[in-house]
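Structure first, commentary second.
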Amino acid sequence: MIVLEGVSKSFDGGRRFSVQDVSLRVPEGRLLVLLGGSGCGKTTTLKMINRLIEPTSGRIRVGDRDVGKTDPVELRRGIGYVFQGIGLFPHMSVAENIAVVPRLLRWPRERIEARIDELLDLVSLPPDQYRSRRPAQLSGGQQQRVGFARALAAGPSVMLLDEPFGALDPITRDGLREEFMQIQRRLGLTAVMVTHDVTEALLSADLIAVMNAGRLLQVGAPHDLMGNPADDFVAALMATPKRQADRLEALAAAHANGEPRASATGGQQ
Ligand SMILES: Nc1ncnc2c1ncn2[C@@H]1O[C@H](COP(=O)(O)OP(=O)(O)OP(=O)(O)O)[C@@H](O)[C@H]1O
Ligand SMILES: [Mg+2]
């Protein structure tokens, strides 16, 4: 379980707050999606969970540990992190990238080698083909698979994912999201994933936490947020996928009737 209690972060001594008074709880084995626009504080919130950023105030617990009182290196052994924009080490091979944390933990060589193969199989990259490639020799989707494998290397029970599918085309994105969700469920990972994509949040989350300007507006199951939005912002956000689907449907109907494109959208953008 991950618990945030009244967590705030100011980078300028308290003049402005990037994250303000955020409280939320992610039950064991569940996936919470942090959803909000650019700059609203998603990455900052995520990084406070594994002490990449120290909160200005508030408390965070991961399992039975008080994060602020746990040694950061020790803490991160149990927490996988997938960085925004993939973030593999370009000068290292796929195998070396995956081995970073096990090496820090001084695992014996055979155990590390076996773990690399096991993880490459898990993310559907045949080890004999991919082990010795560099990140630049992989597609974006393949790099993201290696990013997952690296985050899973030390067998964490908690995963933090910052826009893990952000750099991918829609088809790769859908496929990889499905695969990640299966892995997350199978391994029983407690996970927090950041996205600004409402459809992605609705499709993948057990719980969605909507943020705006550093504040948490609402936390709930996807159907709660759609059925009972806390305010106009959440209502408008949750309505986006349906609004887009309606417009596409109108376009398709207009096309079938041979109407010009502008009339299907009402001529508006
Ligand atoms: N190290 C830092 N020093 C100063 N300000 C920072 C720092 N990190 C983030 N901020 C500010 O905090 C705010 C929230 O940033 P954050 O990276 O958490 O946003 P985000 O929701 O992840 O946005 P995006 O979707 O664009 O990645 C922004 O205004 C940003 O400029
Ligand atoms: Mg971010």
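Atoms within each ligand, like the ligands themselves, are counted from 1 in listed order.
Atom CD of Q218 is separated from atom CE of M211 by 14.0 Å, given to the nearest 0.5 angstrom. Between the CZ atom of F148 and the CG atom of L161 there is a distance of 5.5 Å, given to the nearest 0.5 Å. To the nearest 0.5 Å, the span separating CE on M92 from CD1 on I98 amounts to 12.0 Å.
With respect to atom 17 (O) of ligand 1, the closest heavy atom belonging to the protein is T43 CB, 3.6 Å. If you check which protein heavy atom lies closest to atom 27 (O) of ligand 1, you get Q84 NE2, 3.0 Å. Shortest contact from atom 10 (N) of ligand 1 to any protein heavy atom: F11 CE1, 3.5 Å. The protein heavy-atom contact nearest to atom 18 (O) of ligand 1 is T44 OG1, 2.6 Å. In terms of protein heavy-atom proximity, atom 26 (O) of ligand 1 is closest to S38 OG, 2.5 Å. Remark: minimum distance from atom 25 (O) of ligand 1 to any protein heavy atom is reached at K42 NZ, 2.8 Å.
Heavy-atom proximity to S18, at under 4.0 Å, picks out these atoms of ligand 1: 11 (C), 12 (O), 13 (C). In summary, the atoms of ligand 1 found under 4.0 Å from a heavy atom of G39, numbered by their order in the structure, are 13 (C), 14 (C), 19 (O), 20 (P), 21 (O), 23 (O), 24 (P), 26 (O), 28 (C).
Here the side chains of L34 and T45 are in contact, with some heavy-atom distance below 4.5 Å. Proximity of V26 to M1: side-chain heavy atoms (C-beta onward) are nowhere separated by under 4.5 Å. For the pair P241 and L202, the minimum side-chain heavy-atom distance is below 4.5 Å.
Counting only heavy atoms, the protein gets under 4.0 Å from atom 12 (O) of ligand 1. Contact annotation for atom 30 (C) of ligand 1: protein absent (non-hydrogen atoms, distance under 4.0 Å).
Not a single N or O atom of T45, backbone or side chain, sits closer than 3.5 Å to an N or O atom of ligand 1.
At a threshold of 4.0 Å, the pair D169-R173 does not count as salt-bridged, since none of the basic side-chain nitrogens sits closer than that to a carboxylate oxygen.
Looking at K42, its side chain does come within 3.5 Å of a backbone N or O of G37 through a donor-acceptor pair. The main-chain N or O of S93 is found under 3.5 Å from a side-chain atom of E96 such that the two form a donor-acceptor pair.
Residue H196 does not touch ligand 1, judged by heavy-atom distances below 4.0 Å.
The closest approach between E163 and ligand 1 falls below 4.0 Å for a heavy atom of the residue.
For the Mg ion (ligand 2), the count of nearby protein N/O/S atoms, taking only those under 2.8 Å, is 2.
Counting only N and O atoms by type, the side chains of D21 and S8 include no donor and acceptor under 3.5 Å apart.
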Quiz prompt | Worked check of side chain to side chain donor-acceptor pair (under 3.5 Å) between T195 and E200 | solution = CA-CA 8 Å; T195 184; E200 181 156 288; 3.3 Å; yes

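Partners of R16 according to the salt bridge (Lys or Arg N to Asp or Glu O under 4.0 Å) rule, which considers only residues two or more places apart in sequence or in another chain, are D12.
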